[in-house]
Chemist: 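First the structure, which I've put down as structure tokens, then a few questions once you've had a look.
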There are 2 protein chains.
Amino acid sequence: MAKAEKQRAKKMTMVRAKKSFHHGDLREALIAATRELLIEHGPDGFTLADACRRAGVTTAAPYKHFRDKQEILEEIVARAFDQLKEQNARAVAERGSGTIEGISAMGISYLEFAVAQPAIFRLMFGDLKKSKKADEPGEECLKHVVEEVALYCRKNGHTADAQQVAVRLWTFVHGASSLELDGDYERVVPGLDVHNLIADVTPRLLGATSDIRAPRKKKGELRSDQCEG
Amino acid sequence: MAKAEKQRAKKMTMVRAKKSFHHGDLREALIAATRELLIEHGPDGFTLADACRRAGVTTAAPYKHFRDKQEILEEIVARAFDQLKEQNARAVAERGSGTIEGISAMGISYLEFAVAQPAIFRLMFGDLKKSKKADEPGEECLKHVVEEVALYCRKNGHTADAQQVAVRLWTFVHGASSLELDGDYERVVPGLDVHNLIADVTPRLLGATSDIRAPRKKKGELRSDQCEG
DNA sequence: ACTTATAAGTAAGCGACACTAACTTTGCAA
DNA sequence: TTGCAAAGTTAGTGTCGCTTACTTATAAGT
């Protein structure tokens, strides 16, 4: 009667009413919907309620699968770290492991990840604190850089501390990603090619550690990549 | 009677009831309160309502002075840029204008600003987009770096493009600030001294130093491309 | 096959927040 | 003195995150 009609009507409003009442896999659906909204409206522009509407459930439904809003984001962040790790690995493998080009490509990969999904990138490194799950993947990302740098050093007879160098590279690439992401480059240095920036700087940061002193013009002559006017 | 009593009672709850009903300078009071809350609870952890309570007014009062919540934040961000600019100028002046030490000090000043007021720093560069007011001050910050680099180059006979070098420095320092701020260094490289990091890298990015034995002789001719898979 | 426990949904409601509208108080100026 | 605009207030709207209590479908046990 009225009941049956109501049910049927509700069915129609569901986005994916596979099995009428139960949603099949609401957990994944919510993660997907949240991801979409994150991309569409930025990190703060999405609401859990919106994600529910998109998944075709009421706003109370998520709490059967997640403790709170934050937990959905944490799951997304954790997966994003895995994705970043994988993408970086692919980039470095393509251009040559333990080479400047490979390491540089890894940095550019990092940048491209950030640009491709700005909101998620911000969540990954923002203070919404990943707390638990995203800790390890983040470490693994840097660890991979350390390995590549160490390999490069071995190949080229450098004695530099690979970890220290890797931190430099990470820092620079992260800065470039952040500034590009927020549109700060665009605003302040309109024509900038960020890929080139990273490729230019990578070799500089790969150098050995300690003999940093006054500027010696001695060696200043040789590099054409230094700065063209 | 009751009315008068109520009013008097309300007076007591006001934070600064200079003139009873009217608040003297609510605009400034709200900005101050918002700043405090920003520092206490992070960029997303504050509410306009809280700021009102702290200023001793109702939640409708702010709209006599600001269009919306965002406009308060924009004002704070604009002032923060001025403060950053000034602080950087002081830092470089102390250590010597146009010197590596001065430029390095400017970078460290940037970092310390970020660490001292993380929430505000994030607002400055986050995507909450400063839109109008914070545009110029941000540009001026970089412009100052460009000037210092140019001065340094002139002093030392470098031909480098000061703007390009300045962007490198900005990028690195911004990356260091972001990672330090979010606790990522702490998590991944616990013992790191970020000041040293900046001081180490500054000369490298200035093009001064050199120990880059990178076999990047000519673009087409890099060997060791294909090492292991 | 029938019962039954439980996982997974709904409905209704709470408190908080951003913001609005309409009213009231106050200070200042003609 | 009046009268008016600035700067408050009260009251209310819609939304959000989250909770509680109820309902429904599924799958297991006998």
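In what follows, chains are A, B, ... by sequence order, proteins preceding strands, each numbered from 1. Computation of the quantities below employed the complete heavy-atom set of this structure, encompassing side-chain atoms and omitting hydrogens, waters and symmetry-equivalent molecules.
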Chemist: Can you classify the ring geometry of B/F125 versus B/Y110 as parallel (below 30°), tilted (30 to 60°) or perpendicular (above 60°)?
Modeler: tilted

Chemist: Between B/T58 and D/dT9, is there a side-chain N or O to OP1/OP2 distance below 4.0 Å?
Modeler: yes

Chemist: Inspect the contact between A/E75 and A/R79 and indicate whether a charged nitrogen and a carboxylate oxygen are less than 4.0 angstrom apart.
Modeler: yes

Chemist: Going by an N to O cut-off under 4.0 Å, is there a salt bridge joining B/E86 and B/R90?
Modeler: yes

Chemist: Does a side-chain N or O from A/R53 land closer than 4.0 Å to OP1 or OP2 of D/dC16, or not?
Modeler: yes

Chemist: Whole Å only: how far is the NZ atom of A/K64 from the C1' atom of D/dT20?
Modeler: 10 Å

Chemist: Could you work out, with side-chain contact (heavy atoms from CB on, under 4.5 Å) as the rule, every residue matching A/V92, not counting sequence neighbours?
Modeler: A/M106, A/H144, A/E148

Chemist: Can you pull every protein N or O that's under 3.5 Å from an N or O on nucleotides 18-20 of chain C?
Modeler:
from, atom 1, to, atom 2, distance (Å)
C/dA18, OP1, B/L48, N, 3.0
C/dA18, OP1, B/K69, NZ, 3.2
C/dA18, OP2, B/L48, N, 3.2
C/dA18, OP2, B/A49, N, 3.1
C/dC19, OP2, B/Y63, OH, 3.1
C/dC19, OP2, B/K69, N, 3.0
C/dC19, O5', B/Y63, OH, 3.4

Chemist: Decide, yes or no, whether a salt bridge links B/R67 with B/E74 under the criterion of side-chain N to carboxylate O below 4.0 Å.
Modeler: no

Chemist: Does a side-chain N or O of B/H65 approach OP1 or OP2 of D/dG8 to a distance below 4.0 Å, or not?
Modeler: yes

Chemist: A quick test of your reading: do over 12 heavy atoms of other residues, nucleotides or ligands sit less than 6.0 Å from NZ of B/K143?
Modeler: no

Chemist: How many Å lie between CG on B/D44 and P on C/dC17, as a whole number?
Modeler: 14 Å

Chemist: Could you tell me the separation between the CG atom of B/L26 and the C1' atom of C/dT26, rounded to a whole number of Å?
Modeler: 15 Å

Chemist: In whole Å, what is the span from the CG atom of A/L73 to the P atom of D/dG17?
Modeler: 10 Å

